[in-house]
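Everything below concerns the one structure shown next.
The residues of the chain are indexed from 1 along the displayed sequence.
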Amino acid sequence: QVQVVESGGTLVQPGGSLRLSCAASASILSIYAMDWYRQAPGKQRELVARITAAGSTNYADSVKGRFTISRDNSKNTVYLQMNSLKPEDAAVYYCRVTEWNGRDSWGQGTQVTVSS
């Protein structure tokens with residue numbers, strides 16, 4: 001099991017920006033992909049963004065053009081830059097690490113609140 005720790009969630013105004021961080025205990029070289037999911041109260045958990053070891057990325061349609069996922073291999077960390085935030089972006093954001101053998105590890109989540 002990989003230890004996964006998210007950070008950076010806070011209260012932000014609509015139209016504002018926020019950057020979330022996800023630190024993994026394993027080397028990025030051992031990881032196939034790292035994903036950001038989010039879950040709002042009463043809603044299903046949904047995939048927001050993914051980045052693979054090769055650097056390819058995928059985004060949910062609802063966040064394309066506003067969110068950017070990136071990585072820093074030297075720090076075993078991925079980031080989610082969120083711009084032009086909307087109230088519907090409010091949720092607990094979770095980081096998932098998938099190793100090359102297919103094993104998944106989840107972080108504890110970080111709360112993002114979007115409100116004026």
Side-chain angles (χ1 to χ4, degrees):
Q1 200 85 18
V2 176
Q3 293 180 359
V4 182
V5 180
E6 306 99 329
S7 62
T10 190
L11 171 67
V12 62
Q13 294 183 340
S17 297
L18 193 64
R19 189 178 75 162
L20 306 182
S21 299
C22 174
S25 63
S27 170
I28 295 294
L29 296 176
S30 302
I31 297 171
Y32 163 67
M34 297 180 72
D35 306 333
W36 284 101
Y37 284 76
R38 68 186 181 189
Q39 188 167 24
K43 306 294 183 181
Q44 294 183 344
R45 187 173 297 187
E46 63 176 342
L47 178 65
V48 176
R50 160 174 287 195
I51 187 165
T52 70
S56 63
T57 58
N58 294 93
Y59 298 93
D61 287 342
S62 59
V63 307
K64 284 182 179 177
R66 299 188 298 120
F67 290 11
T68 303
I69 189 169
S70 62
R71 69 177 182 223
D72 185 338
N73 288 353
S74 67
K75 298 180 179 179
N76 300 336
T77 299
V78 296
Y79 305 95
L80 185 67
Q81 178 66 46
M82 304 184 293
N83 298 325
S84 301
L85 283 162
K86 305 174 181 179
E88 50 262 45
D89 294 319
V92 177
Y93 282 72
Y94 297 92
C95 183
R96 183 182 72 172
V97 172
T98 302
E99 297 168 81
W100 284 102
N101 63 5
R103 182 171 65 178
D104 291 333
S105 301
W106 290 87
Q108 82 289 345
T110 186
Q111 175 72 242
V112 174
T113 302
V114 185
S115 176
S116 60

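Under the ring pair (Phe, Tyr, Trp, His ring centres under 6.0 Å) criterion, the residue pairs touching residues 10-65 are Y32-W100, Y37-W106, with sequence neighbours excluded. Applying the salt bridge (charged side-chain N to carboxylate O under 4.0 Å, His left out) test to pairs two or more places apart or on separate chains, those with a residue in residues 11-37 are D35-R50, D35-R96.
Residues Y79 and Y93 are members of separate hydrophobic clusters, defined by side-chain heavy-atom contacts under 4.5 angstrom among Ile, Leu, Val, Met, Phe, Trp and Tyr. One hydrophobic cluster, built from ILVMFWY side chains closer than 4.5 Å, cannot hold both Y94 and V97; they sit in different ones. When hydrophobic clusters are built by joining Ile, Leu, Val, Met, Phe, Trp and Tyr residues whose side-chain heavy atoms come closer than 4.5 Å, directly or via intermediates, F67 is grouped together with M34.
Closest approach of S17 and N83 over heavy atoms only: OG-OD1, 2.9 Å. Nearest heavy atoms, Q1 versus S105: NE2-OG, 3.5 Å. Considering every non-hydrogen atom in both P14 and S115, the closest pair reads CD-C, 3.5 Å. Residue A40 comes nearest to A90 through the heavy atom pair CB-O, 3.7 Å, listed as atom of the first residue, atom of the second, then distance.
Remark: D104 CG to E99 CD distance equals 8.5 Å, nearest 0.5 Å. We find the CD-OG1 distance between Q111 and T10 to be 10.0 Å, quoted to the nearest 0.5 Å. Separating the CD1 atom in I31 from the CD1 atom in I51 is a distance of 11.5 Å, to the nearest 0.5 Å. The distance from atom CG of L18 to atom OG1 of T110, rounded to the nearest 0.5 Å, is 8.0 Å. Rounding to the nearest 0.5 Å gives a distance of 6.5 Å between CZ of R66 and CG of L85.
Enclosure of atom CD in Q3 is not indicated, since only 12 or fewer non-hydrogen atoms of other residues, nucleotides or ligands lie within 6.0 angstrom.
Using a cut-off of 4.0 Å between Lys/Arg side-chain N and Asp/Glu carboxylate O, K86 and D89 are scored as not salt-bridged.
Looking at S25 and V2, their side chains come closer than 4.5 Å, going by heavy atoms from C-beta outward. A heavy-atom distance below 4.5 Å is not found between the side chains of L20 and E6.
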- Item | Test log, rule side-chain contact (heavy atoms from CB on, under 4.5 Å), inputs V112 and R38 | CA-CA 9 Å; V112 174; R38 68 186 181 189; over 6 Å; no
